[in-house]
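Each remark here refers to the structure printed beneath this line.
In what follows, chains are A, B, ... by sequence order, proteins preceding strands, each numbered from 1.
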Amino acid sequence: MVVKVYGPVTAACPQRVLTCLLEKDVDFEIVHINLDACDHKKPDFLLRQPFGQVPAIEDADFKLFESRAIIRYYAAKYEKRGPNLLGNSLEERAVVDQWLEVEAHNFNELVYNLVLQLVILPRMGKQGDSALALSCQQKLDKVFDVYEQRLSGSAYLAGDSFTLADLSHLPGIRYLVEDAGMGHLVSQRKHVNAWWETISNRPAWKKLMKLAGY
Amino acid sequence: MATPVKVHGPPLSTAVSRVLACLIEKDVPFQLIPVNMAKGEHKSPDFLKIQPFGQVPAFQDEAISLFESRAICRYVCEKYAEKGNKGLYGTNPLAKASIDQWVEAEGQSFNPPSSVLVFQLAFAPRMKLKQDESLISQNETKLEKVLEVYEKRLGESRFLAGDEFSLADLSHLPNAHYLVTATDRGEMFTSKKNVGRWWGEISSRDSWKKVVDMQKQST
């Protein structure tokens, strides 16, 4: 039985889930959702994901949405398979969760808005808000300063091993570096840069990049 | 001996009150350490050591120093699984997944627009700051869409993640409380049949009443 992942392979939130499944060697099938055609706002899809967002998953009778809930579920379900993405002790797991929350609340919205203004809206032939983009960039600079400090003391965000906390950043940073011309935010910081090089060279992420056609 | 569990931050802060509600639900004694944000204490070098983004809350016990309110809540639930409300974070993986799904929905869809409205409508006037009408209007529209999803969900299920009160519902208490009691937008919740019913249930829990008391005492 494969896990069905509903969403385009090129969108950040489905990529978060797909990377986790690849890390854990869990078989999946991507059910493409055409965002341009607003498939995600149609009644059928809204039954799966009532906020009209991607991804959603279906695993036999089990259904779930919200990418970070999905990765928590599969990282726990397949804890003993492949890399341990959660941490070993209760305290280690809490630190992983803490940095996953940081990504969700301090990092994600800034990246999303920056990419929206600089990449997505122009691609749609619309004018991006450059003042908003600049504001996001300045705030993101400060967030990356904290990451630089953190990563000067540990190889990965939550400690010595790659976990969900690092994984969760992969799609957003890829957009920043490859599409939004914001690579300097990463490359100008010694430890953030080393971390990005390491995590983006993991086989699972490289497999996803191939699947996404990059 | 004083409890080793410390929560740093003002109880009026929505994120701090999220953690307080969880600790009280789980029957975990704690010390609340005040942080004077008006004086910038949350940006002091000492505070940045326990919360490098300069935000509240920060949490400490004998084993760990932690930040991010929802991570703190999950840790408290796991560590004290056998205390207080045992089902708060579910008692099996499927229940936990459903709770995580709605905690994420709160964090990603409910929190952003409701936070803006809480600041603009409840706090800005008190701080004598000018309100941004366009920001208010945009976020009212966003929040309304989210509450329409909740209205449908809560017609199918007593609480967001299932039949029992969970972290998913608790996570909504801080922002919803301000909107309902400190602004004139409470109707967004109370005029909806299912959301209104849900709000009535979750806000009258003993744990939340205690948090509200702590907030009142701190002013």
Side-chain angles (χ1 to χ4, degrees), chain A residues 13 16 41 46-47 49-53 56-57 59 61-79 86-87 89-109 112-113 139 142-143 145-150 153 158 165 168, chain B residues 15 48-49 51-55 58-59 61-81 89-90 92-112 115 142 145-154 156 160-161 168:
Chain A
C13 297
R16 184 173 290 114
K41 306 293 181 188
L46 290 175
L47 290 174
Q49 215 291 9
F51 298 93
Q53 296 164 331
I57 62 107
D59 185 348
D61 288 337
F62 176 61
K63 292 178 183 166
L64 202 62
F65 57 85
E66 283 298 337
S67 63
R68 297 170 192 81
I70 297 167
I71 64 177
R72 282 185 178 96
Y73 174 75
Y74 282 104
K77 181 172 182 180
Y78 296 106
E79 193 181 343
L86 285 175
S89 63
L90 172 62
E91 291 77 25
E92 280 177 27
R93 291 159 97 100
V95 175
V96 173
D97 202 26
Q98 171 188 276
W99 287 99
L100 183 48
E101 288 292 322
V102 166
E103 183 276 318
H105 297 288
N106 283 29
F107 183 83
N108 184 60
E109 196 167 345
Y112 176 83
N113 277 316
K139 288 177 184 167
K142 296 206 165 101
V143 171
D145 281 344
V146 176
Y147 284 23
E148 180 65 10
Q149 168 90 323
R150 172 65 181 179
S168 205
Chain B
L48 291 174
K49 285 185 191 136
Q51 217 295 8
F53 297 92
Q55 296 163 329
F59 172 94
D61 69 11
E62 78 288 350
I64 202 172
S65 187
L66 210 52
F67 53 89
E68 284 297 332
S69 63
R70 297 167 192 80
I72 297 165
C73 288
R74 286 190 185 95
Y75 170 73
V76 167
C77 286
E78 299 279 31
K79 179 160 182 163
Y80 302 100
Y89 191 23
N92 65 72
L94 294 181
K96 203 171 256 190
S98 178
I99 294 168
D100 274 337
Q101 173 183 275
W102 288 100
V103 171
E104 287 296 322
E106 179 271 317
Q108 295 294 317
S109 296
F110 178 83
N111 187 55
S115 287
K142 282 184 188 167
K145 289 203 171 105
V146 172
L147 291 177
E148 280 165 16
V149 174
Y150 285 19
E151 181 64 8
K152 183 160 189 285
R153 171 62 182 171
L154 293 163
E156 297 157 358
L160 284 172

Looking at [X], I want to see if its [atom1] is surrounded by more than 12 non-hydrogen atoms of other residues, nucleotides or ligands under 6.0 Å.
X     : atom1 : value
A:K41 : NZ    : yes
A:Y78 : OH    : yes
B:K79 : NZ    : yes
A:E79 : CD    : yes

Hey, are the side chains of [X] and [Y] touching, using non-hydrogen atoms and a 4.5 Å cut-off?
X      : Y     : result
A:R72  : B:K96 : no
A:D97  : B:E68 : no
B:Q108 : A:Q53 : no
A:R93  : B:R74 : no
A:W99  : B:F67 : yes
B:D100 : A:Y73 : no

*Counting only N and O atoms by type, is there a donor-acceptor contact under 3.5 Å from the side chain of A:Q98 to the main-chain atoms of B:A71?*
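No, the answer is negative, given that no donor and acceptor are paired below the 3.5 Å cut-off.
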*Would a distance-only check, ignoring hydrogens and angles, find a side-chain to backbone donor-acceptor pair under 3.5 Å from B:E104 to A:E66?*
no
*Heavy-atom pair count under 4.5 Å with chain B, highest-scoring of A:E109, A:R150, A:K142, A:E101*: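 Looking at each of A:E109, A:R150, A:K142, A:E101 in turn, A:E101 comes out on top.
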*Counting only heavy atoms closer than 4.5 Å, note whether A:A104 contacts chain B via side chain, backbone, both or neither.*
both
*Contacting moiety of A:Y74, where chain B heavy atoms sit under 4.5 Å*: neither
Indicate the atoms forming the closest heavy-atom contact of [X] with [Y], along with that distance.
X      : Y     : result
B:A97  : A:A69 : O-CB, 4.4 Å
A:L90  : B:E78 : CD1-CB, 3.5 Å
B:Q101 : A:F65 : OE1-N, 2.8 Å

*Identified side-chain contact (heavy atoms from CB on, under 4.5 Å) partner of B:P52 from the options A:V143, A:V146, A:D145*: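 The single option meeting the side-chain contact (heavy atoms from CB on, under 4.5 Å) with B:P52 is A:V146.
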*Atom OH of A:Y147 and atom CZ of B:F53: how far apart are they, to the nearest 0.5 Å?*
5.5 Å
*Output the option from B:A105, B:P93, B:S69, B:P112 having the highest count of non-hydrogen pairs under 4.5 Å with chain A.*
B:A105
*Check whether B:F59 gets within reach of chain A through its side chain, its backbone, both or neither, counting any heavy atom under 4.5 Å.*
neither
